[in-house]
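Inspection log for the structure reproduced underneath, given as structure tokens.
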Protein chains: 2
Amino acid sequence: MHKPASDNAQDIHSSGLKATWPRIRILRLFQQTTQRHLSAEDVYRSLLADGEEIGLATIYRVLTQFEQARLLTRHYFESGKAVYELNEGQHHDHLVCMMCGRVEEFCDPEIERLQQQIAERRGFELREHALSLYGVCSNPACQAKARAESRG
Amino acid sequence: MHKPASDNAQDIHSSGLKATWPRIRILRLFQQTTQRHLSAEDVYRSLLADGEEIGLATIYRVLTQFEQARLLTRHYFESGKAVYELNEGQHHDHLVCMMCGRVEEFCDPEIERLQQQIAERRGFELREHALSLYGVCSNPACQAKARAESRG
DNA sequence: GTAGCTGCAAATACTTTGCATAGAT
DNA sequence: ATCTATGCAAAGTATTTGCAGCTAC
């Protein structure tokens, strides 16, 4: 049985999940989109725009399963709603623009080391962490918006 | 007009809010409780247990106002629901036990400095940040629970 | 063939809002 | 007296679940 080079069905299958069409499409979306961080609603609308009508309930279920299978990771970003991103093994943190919502990623080994040290010193066995920086990005539109808000 | 030494009505009043009974009780709860981080529901139940029946809607409104007035700060802690804590001016980050939910606070100037540096380097004007470490605390019950879970 | 998956609709959890009444200054 | 706050109930968003039919293996 031959499979296309970029077939993600294997990734799904090796997580103990059946390689169904909705799952293949959802995973592919994360692999191909330029917008790395997507909410359930974002996924629903993206697929719909692509001609795939997949029920929201299914999307929520699949995102949860993918997170448990460590294909995706989940974040909250102070927004009260979850966003997911492709888990590519390498840990990283986030820098979020409060004006346009753009998210950049970074990883600072020194910060990682200090975190580990802090946890140890307090008798915690560190399992994971979330560091998000919020600010205003270099886009002039964002800076203008920020000024307008502070006047507001 | 005299007021008791620890009267928090002033704090409320100087934020442009009327010093009403619900507000006084809610702020006092944060000032006196040992559990620093409370959700709206937590506040509702604490006050109820104390004989104060204050509507949930009011609690949500007051928490939002207090946050805007910078008397409280809000966090999400990856839980999908907001928790608030007293804002005592000094910034700090959080260390959360994934087993018992206990939250410790810490502040590491070196991490703060590195964050600032990372934001600058990418042209972001840093406004705020959230760093939460998740792990298992030193309580033996938590460690046992962690082992049980990993056995699945 | 069968265990596991999907869609739908209903349920749940958290939070916000409209409106009439009550309260603070 | 006036402007604001509260309580209730209803609406809104985000997410989960029960169930009957469909699909991958």
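Just so it is clear, the values below take in all heavy atoms, side chains as well, and ignore hydrogens, waters and symmetry mates. Computed from a predicted model, the values in this text were never measured in an experiment. Letters A, B, ... mirror the listed sequences (proteins, then strands); counts begin at 1.
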- Item | Donor-acceptor pair under 3.5 Å, A:Arg61 side chain vs C:dG4 base | no
The answer to which of B:Gly80 and A:Ile59 contacts DNA chain C further toward the 5' end, by nearest nucleotide, is A:Ile59
(message) Between A:Glu104 and A:His92, is the side chain to side chain donor-acceptor pair (under 3.5 Å) condition met? List the steps.
(response) CA-CA 10 Å; A:Glu104 288 193 18; A:His92 57 260; over 6 Å; no
Residue set satisfying salt bridge (Lys or Arg N to Asp or Glu O under 4.0 Å) with B:Asp108, at least two apart, ordered chain then number -> none
Whole-Å distance, A:Ile24 CD1 to D:dA24 C1', equals 10 Å
Separation of D:dT16 atom P from A:Lys81 atom NZ, nearest Å, is 14 Å
Closest to the 5' end of DNA chain C, once B:Trp21 and B:Tyr76 are matched to their nearest nucleotides, is B:Tyr76
Contacts of A:Lys18 and B:Gly16 projected onto DNA chain D by closest heavy atom; the upstream (5') one is B:Gly16
* Does OP1 or OP2 of D:dT16 have a side-chain N or O of A:Tyr60 closer than 4.0 Å? -> no
Rounded to whole Å, CG of A:Leu56 lies from P of D:dT16 at a distance of 11 Å
Closest to the side chain of A:Thr20, out of D:dA24, D:dT16, C:dT15, is D:dA24
Separation of C:dA13 atom P from B:Arg45 atom CZ, nearest Å, is 11 Å
> Should B:Arg28 and B:Glu52 count as an ion pair when the cut-off is N to O under 4.0 Å?
Replying inline: no
Among the nucleotides C:dC5, C:dT25, C:dG7, whichever has the atom closest to the side chain of A:Ile54 is C:dG7
Here the distance between atom P of D:dT6 and atom CD1 of B:Ile12, to the nearest Å, is 10 Å
- Query: Salt-bridged, B:Glu120 to B:Arg122, with N to O below 4.0 Å?
  - Reply: no
A:Leu17 has its side chain closest, among C:dC5, D:dC25, D:dG7, to C:dC5
To the nearest angstrom, the CZ-C1' distance between A:Arg23 and D:dC25 comes to 13 Å
When rounded to whole Å, the OH to C1' distance for the pair A:Tyr44 and C:dT6 reads 14 Å
Whole-Å distance, B:Glu52 CD to D:dT6 P, equals 13 Å
- prompt: Base, sugar-phosphate, or nothing for B:Gln65, non-hydrogen atoms under 4.0 angstrom?
  reply: nothing
Say whether, by atom type as modelled, one donor and one acceptor occur between the side chain of B:Asp42 and the main chain of B:Ser39 under 3.5 angstrom.
yes
